[in-house]
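Notes follow the structure.
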Amino acid sequence: MNTPTTTVDWNAYAEKYDMLLTYNPFYQEALKEVLSRVQNWNIKAGDQIADVGAGTGNYSVEVAKLFPQATVLHIDADQGMNTIAAKKASELENFQVLGKSVDKVHFAANSLQGLLCINAIYTFPNPQEELQNMYRWLAPGSSIVLIDAGRIMNVSSWTLALTWRLLRKYGLRTTLNVLGEAKAVSQQNAYIRKNQQNGTFWTHSHEEFCEAVTTAGFQIEFAETCFRGDCDLIIARK
Ligand SMILES: C[S@@+](CC[C@H](N)C(=O)[O-])C[C@H]1O[C@@H](n2cnc3c(N)ncnc32)[C@H](O)[C@@H]1O
């Protein structure tokens with residue numbers, strides 16, 4: 001008999017992850033909001049932008065398209081996620097995948113002109129340390145955009161909220177198909193919840209997240225909650 005696991009299997013998640021992009025209006029909203037802000041960044045030829053915990057590349061690939069004059073470094077520890085991202089970016093010459101855990105990544109101080117970290121910090125073993133590293137890597141005056149899941153995920157409430165929206169938009173048949181397909185996502189979300197409950201993953205209030213970002217040295221320019229209040233969005237500058 002297999003031992004039951006509560007470890008999040010990002011590889012298993014990767015295969016179905018982009019259902020979020022196709023069907024989750026909250027994910028689509030957050031992506032749109034982030035890109036609308038990132039597009040105003042002053043990025044010059046030869047600059048480097050990193051996306052840490054970049055997943056299947058939904059953010060990093062779009063950022064690479066926005067700034068063909070810069071290099072986008074897509075950093076993620078999971079090979080399944082990185083394979084999907086690399087496929088999406090196959091036509092882009094300014095996109096590099098770094099398949100490493102964040103704690104094994106080293107950049108020179110002040111060497112990045114933009115940073116993103118979307119719903120990944122809470123999974124890192126040392127969130128505050130990684131925020132400090134990001135601050136060190138970023139060039140003075142450059143921007144970072146952060147989203148982080150701070151509150152314990154209520155999987156049933158999320159399933160209900162999404163079912164309701166899917167029903168309204170696509171009708172019963174598609175909704176049932178999507179929910180069937182999304183079982184792997186719900187399973188990984190249940191593991192995320194367990195890891196939040198047992199303290200393996202960082203949970204925080206909006207205020208605590210703002211404080212952690214400020215403590216790392218950043219100046220917050222904009223902060224609000226997103227994903228139905230479960231996550232925090234921060235735009236900050238070094
Ligand atoms: C919830 S996903 C977010 C993906 C992407 N940022 C997005 O919003 O679509 C979290 C990602 O963090 C990555 N991750 C988890 N721990 C990591 C670590 N120690 N180093 C680098 N990436 C990590 C996972 O592989 C996964 O792709």
Side-chain angles (χ1 to χ4, degrees), residues 6-35 37-38 49-65 72-89 95-107 114-134 137 144-153 155 158 182 184-196 200-203 226-228 230-234:
T6 53
T7 307
V8 179
D9 180 351
W10 296 113
N11 211 289
Y13 204 163
E15 285 170 26
K16 298 289 177 193
Y17 193 82
D18 284 346
M19 291 190 74
L20 293 174
L21 180 61
T22 313
Y23 292 110
N24 185 333
F26 302 97
Y27 187 92
Q28 294 160 355
E29 221 171 84
L31 177 62
K32 208 168 140 198
E33 165 84 13
V34 167
L35 293 177
R37 289 170 179 278
V38 168
I49 301 168
D51 184 352
V52 183
T56 60
N58 292 330
Y59 288 79
S60 56
V61 171
E62 291 309 312
V63 173
K65 288 182 193 162
V72 170
L73 305 161
H74 170 110
I75 302 163
D76 201 286
D78 184 74
Q79 202 185 336
M81 293 280 184
N82 289 338
T83 303
I84 295 171
K87 213 180 261 180
K88 286 182 194 164
F95 189 87
Q96 282 178 23
V97 174
L98 300 187
K100 287 182 180 187
S101 178
V102 64
D103 49 301
K104 302 280 182 292
V105 172
H106 302 287
F107 293 116
L115 255 168
L116 297 95
C117 188
I118 311 295
N119 277 327
I121 293 176
Y122 73 101
T123 72
F124 297 162
N126 293 301
Q128 188 67 52
E129 207 172 285
E130 297 313 335
L131 279 171
Q132 274 157 232
N133 283 335
M134 290 184 218
W137 300 336
I144 184 166
V145 50
L146 300 159
I147 294 182
D148 205 50
R151 269 65 77 197
I152 291 181
M153 189 185 297
V155 182
W158 268 104
V185 175
S186 303
Q187 181 64 79
Q188 296 311 318
N189 283 337
Y191 292 151
I192 289 174
R193 177 181 166 84
K194 287 207 172 96
N195 280 282
Q196 289 176 313
T200 305
F201 287 172
W202 183 33
T203 54
C226 54
F227 285 92
R228 303 172 64 235
D230 281 355
C231 303
D232 304 301
L233 163 68
I234 289 183

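The first residue of the sequence shown is numbered 1, and numbering continues consecutively from there. Keep in mind the model is a prediction, meaning the values are calculated, not measured. Whatever order the structure lists them in is the order used to number ligands and atoms, beginning at 1. Reckoned from all heavy atoms, side chains included, excluding hydrogens, waters and symmetry mates.
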Let me know which protein residues bring a heavy atom to under 4.0 Å of ligand 1; chain then number is fine for ordering. Trp10, Tyr17, Tyr27, Gly53, Ala54, Gly55, Tyr59, Asp76, Ala77, Asp78, Met81, Lys100, Ser101, Val102, Ile118, Asn119, Ala120, Thr123, Phe124

Under 6.0 Å between ring centres: does that hold for Phe26 and Phe227? no

Inspect the surroundings of CD in Gln79 and state if more than 12 heavy atoms from other residues, nucleotides or ligands are less than 6.0 Å away. no

Backbone N or O of Ile121 within a donor-acceptor pair of the Glu130 side chain at under 3.5 Å? no

Does Asp148 reach the main-chain N or O of Gly150 with its side chain, forming a donor-acceptor pair under 3.5 Å? no

Judged by atom type as modelled, is there a donor-acceptor pair below 3.5 Å linking the side chain of Asp76 to the main-chain atoms of Gly55? yes

How would you list, by chain and number, every residue that makes a side-chain contact (heavy atoms from CB on, under 4.5 Å) with Val63, sequence neighbours excluded? Leu35, Val38, Ile49, Phe67, Val72, Leu116

